[in-house]
Amino acid sequence: KTSGIGLGWFLPKKLLNSVASCVDEALCGLVRANGGLSLLKGHRVVLRSDLDNLKGKVALLSGGGSGHEPAHGGYVGAGMLSAAVAGGVFASPPPASILAAVILHTAGASGVLLIVKNYTGDRLNFGLAAEQARNHGVTVDMVIVAEDCAFERPSKAGRRGLCGTIFIHKLAGALAEEGASLDQIVAKVTEVLKGIGTLGVSLSPCSVPGCLPSFDLPPGDMELGLGIHGEPGIKRSKVASADEVVKTMIDHMTNPDSQSHLPLKSGESVVVCVNNLGALSCLELAVVTRAAIICLEKQGLVVARVMSGSFMTSLEMAGVSLTLMQANDETLRLFDAKTGAPAWPNLGCVCASGRSHTKDPSAILQSAQFFSGPLSPVMRSALERVCSTLLEKQEELNALDRAAGDGDCGNTHAQAARAIQDWLQSHVVPGCPGKLLSVLAGLVQEKMGGSSGALYSLFLTAASGHVTEGHGDAAGWARAMHAGTQAMRRCVVVSLTKATLGAESTRDLTARAGRASYIAAERVTLPDPGAVAVAAIFTAVLESLQGMTS
């Protein structure tokens, strides 16, 4: 709600009940959805439900401000954290809650390790709680995660703790589960931390509930090296392609001139975490993941494991961070160990580099050899005219489709047109119309995609059997059209006049299938883009034939 706030109308939208209760309700939602988790009454502390299983083992505690979900509560579970302490949004948790979590584990645990991101508030509050716990006789130690690669010359505060923290959660958790001592765990993760680095890039700021965005980012700009609390980065530039952005990030992270660089050598193995900072689409994240793997492999590195998803976010920030960790056999063994933490991904134990990730399709359908005939130049001319027409109408069809669909009708038809143009450049147009229709059916099925590709392919496949050698007369084409329309189980008007009128008449039709069927009828007042495309195809064919006969 924004009522009573002077800037209410300008605050970003949030799907919350209230600013004051959002953290507590989010923690409640997490533990209610996961049977292995519980809440410590009176505190914002997420606990393992099976604390009795910690007897004789080191307990691992972490935490920090909320707004980074699934961190840190999502990493509570066997093989990872014993508890996570949450503060307000982007605010360090109070020492009293941290101490309460530590004391709760003293009954059975052999010691307590606090895993803390390098932010002043976290260091102070977790450090204070650690001192208070020692006064209670608790064996406790603290590891500071500071793996940010943004600053070439870090300030006195040091490098920030970012998504690399979850690697420490995982490795320390695996060691604790195996019964390693507190000193052994501290020594191992301290060594591993020297080989971890993280860098983020953002396309948008984020906003704490009830507040304005953390910084202004003009359209078309991106921010490199930002933190996870909405603080601006070290460099602002224009948005580039995913490949270029990823290369810029990795080059910055491994630049030996920077005091914060990650020293990677060709032939070394790395674990990669591609972390969604909050609002990047899964499609974009997958593109960035591909780019990261390829970029690292080009530098001679072996990508041993890949994590891709939302692991340590910054509310609704549209951006991504890359975390790299040098890996040896022991590190990978701990990384691959099982965990019950709900936010840890179900990864395979297979090296990403060197793995065959594609399979050749079975050669059931062999490439047919075609021979030209008297109709070949006629059909080639008609196809060329159809393709150029669809490319010219790409934006018009997209605009019509935006009224009731996803706005890509022109794009899908343009994809088909370009695929046909490419095919025409390197193939002979068969003299048999049926064989040509079969080829076109395969092209649109493979290259066009979506329901449009399926419909066109269905029509062409059914029609192809009726215009074989010696049956390419008007009667044969009529039978072909009928077979195609029957196969699609709907009427496609063939003649030029009726096709154009049919396209225009779709203004008043109510959609019964497809995305447009979910749009209120009164909001759909333009002709159907698919029908307009069909009319354009028939118009192009007719104009091509008329041009050849004139």
Side-chain angles (χ1 to χ4, degrees), residues 2 5 7 10-27 29-30 43-46 61-75 84-98 114-129 144-148 150 155 157-166 169 198 200-217 223 225-234 275-280 310-321 343:
T2 58
I5 302 176
L7 295 174
F10 303 96
L11 295 178
K13 297 176 183 177
K14 305 281 186 184
L15 195 59
L16 304 172
N17 293 314
S18 75
V19 171
S21 66
C22 64
V23 171
D24 296 300
E25 290 176 352
L27 292 174
L30 173 66
H43 297 277
R44 290 171 171 170
V45 178
V46 177
L61 274 65
S62 190
S66 298
H68 306 303
E69 291 73 20
H72 293 271
Y75 302 116
V85 191
V89 176
F90 293 173
S92 181
S97 291
I98 301 169
L114 304 180
I115 302 172
V116 183
K117 300 188 299 299
N118 189 33
Y119 290 98
T120 302
D122 287 351
R123 292 192 66 156
L124 286 173
N125 290 349
F126 276 88
L128 175 57
I144 304 297
V145 180
E147 92 292 6
D148 181 19
S155 67
R159 300 161 66 185
R160 296 170 294 195
L162 302 173
C163 193
T165 308
I166 68 170
H169 292 168
T198 299
V201 67
S202 177
L203 309 180
S204 76
C206 63
S207 57
V208 173
C211 299
L212 293 171
S214 52
F215 59 91
D216 293 323
L217 193 59
E223 193 93 19
L226 71 166
I228 55 172
H229 301 102
E231 60 268 40
I234 58 166
N275 173 52
N276 189 347
L277 288 173
L280 209 66
S310 297
F311 304 110
M312 185 173 287
T313 62
S314 187
L315 292 168
E316 82 281 26
M317 182 177 288
V320 64
S321 67

Glu223 versus Ser202, side-chain donor and acceptor atoms under 3.5 Å: no

Quick check: do Val89 and Leu315 have side-chain heavy atoms less than 4.5 Å from each other? yes

If you round to the nearest 0.5 Å, how far is CG of Leu277 from OG of Ser314? 6.5 Å

With sequence neighbours left out, the residues meeting side chain to side chain contact (heavy atoms under 4.5 Å, CB included) with Arg159 are Ala146, Asp148, Cys149, Pro154, Ser260

Looking at Thr165 and Leu162, what are the two nearest heavy atoms and their distance? OG1-O, 2.7 Å

Does any N or O in the side chain of Ser62 come within less than 3.5 Å of the main-chain N or O of Ile115, such that one atom is a donor and the other an acceptor? yes

Tell me the closest heavy-atom pair linking Val46 and Gly73, and the distance in Å. CG1-O, 4.2 Å

Looking at every non-hydrogen atom in both residues, tell me the closest pair between Ser66 and Val23 and how far apart they are. OG-CG1, 3.3 Å

So, the side chain of Lys117 versus the backbone of Gly63: is there a donor-acceptor pair under 3.5 Å, distance only? yes

Is any side-chain heavy atom of His229 less than 4.5 Å from a side-chain heavy atom of Arg160? no

Do you know which two heavy atoms are closest between Ile98 and Ala129, and how far apart they sit? CG2-CB, 3.5 Å

Set of residues satisfying salt bridge (charged side-chain N to carboxylate O under 4.0 Å, His left out) with respect to Glu69, sequence neighbours excluded: none

Counterpart residues, side chain to side chain contact (heavy atoms under 4.5 Å, CB included), relative to Ile234 (two or more places apart): Ala150, Phe151, His252

Main-chain N/O of Ala157 paired to Asn118 side chain as donor or acceptor, under 3.5 Å: yes

Mind checking whether Phe126 and Ile144 have side chains closer than 4.5 Å, heavy atoms only? no

For residues 207-214, tabulate all N or O donor-acceptor pairs below 3.5 Å that involve a side-chain atom, not counting sequence neighbours.
{"unit_1": "Ser207", "atom_1": "OG", "unit_2": "Lys14", "atom_2": "NZ", "d": "3.2"}
{"unit_1": "Ser207", "atom_1": "OG", "unit_2": "Glu316", "atom_2": "OE2", "d": "2.7"}
{"unit_1": "Ser214", "atom_1": "OG", "unit_2": "Cys206", "atom_2": "O", "d": "3.1"}
{"unit_1": "Ser214", "atom_1": "OG", "unit_2": "Gly230", "atom_2": "O", "d": "3.0"}

Partners of Arg44 by salt bridge (charged side-chain N to carboxylate O under 4.0 Å, His left out), sequence neighbours excluded? Asp24

Minimum heavy-atom separation for Ser92 and Asn125, please, with both atom names. OG-ND2, 3.2 Å

Side chain to side chain contact (heavy atoms under 4.5 Å, CB included) with Asn276: which residues, sequence neighbours excluded? Leu280, Leu285, Ser310

Parallel, tilted or perpendicular: which fits the ring planes of Phe90 and His68, with parallel below 30° and perpendicular above 60°? parallel

Nearest heavy-atom pair of Pro93 and Asp122: which atoms, and what distance? CD-OD1, 3.9 Å

Kindly say whether Pro70 contributes a backbone atom to a donor-acceptor pair with the side chain of Tyr75 at under 3.5 angstrom? no

How long is the gap from CG on Leu16 to OG on Ser21, to the nearest 0.5 Å? 8.0 Å

How many angstroms lie between CG in Asn17 and CD in Glu25, if you round to the nearest 0.5 Å? 4.5 Å

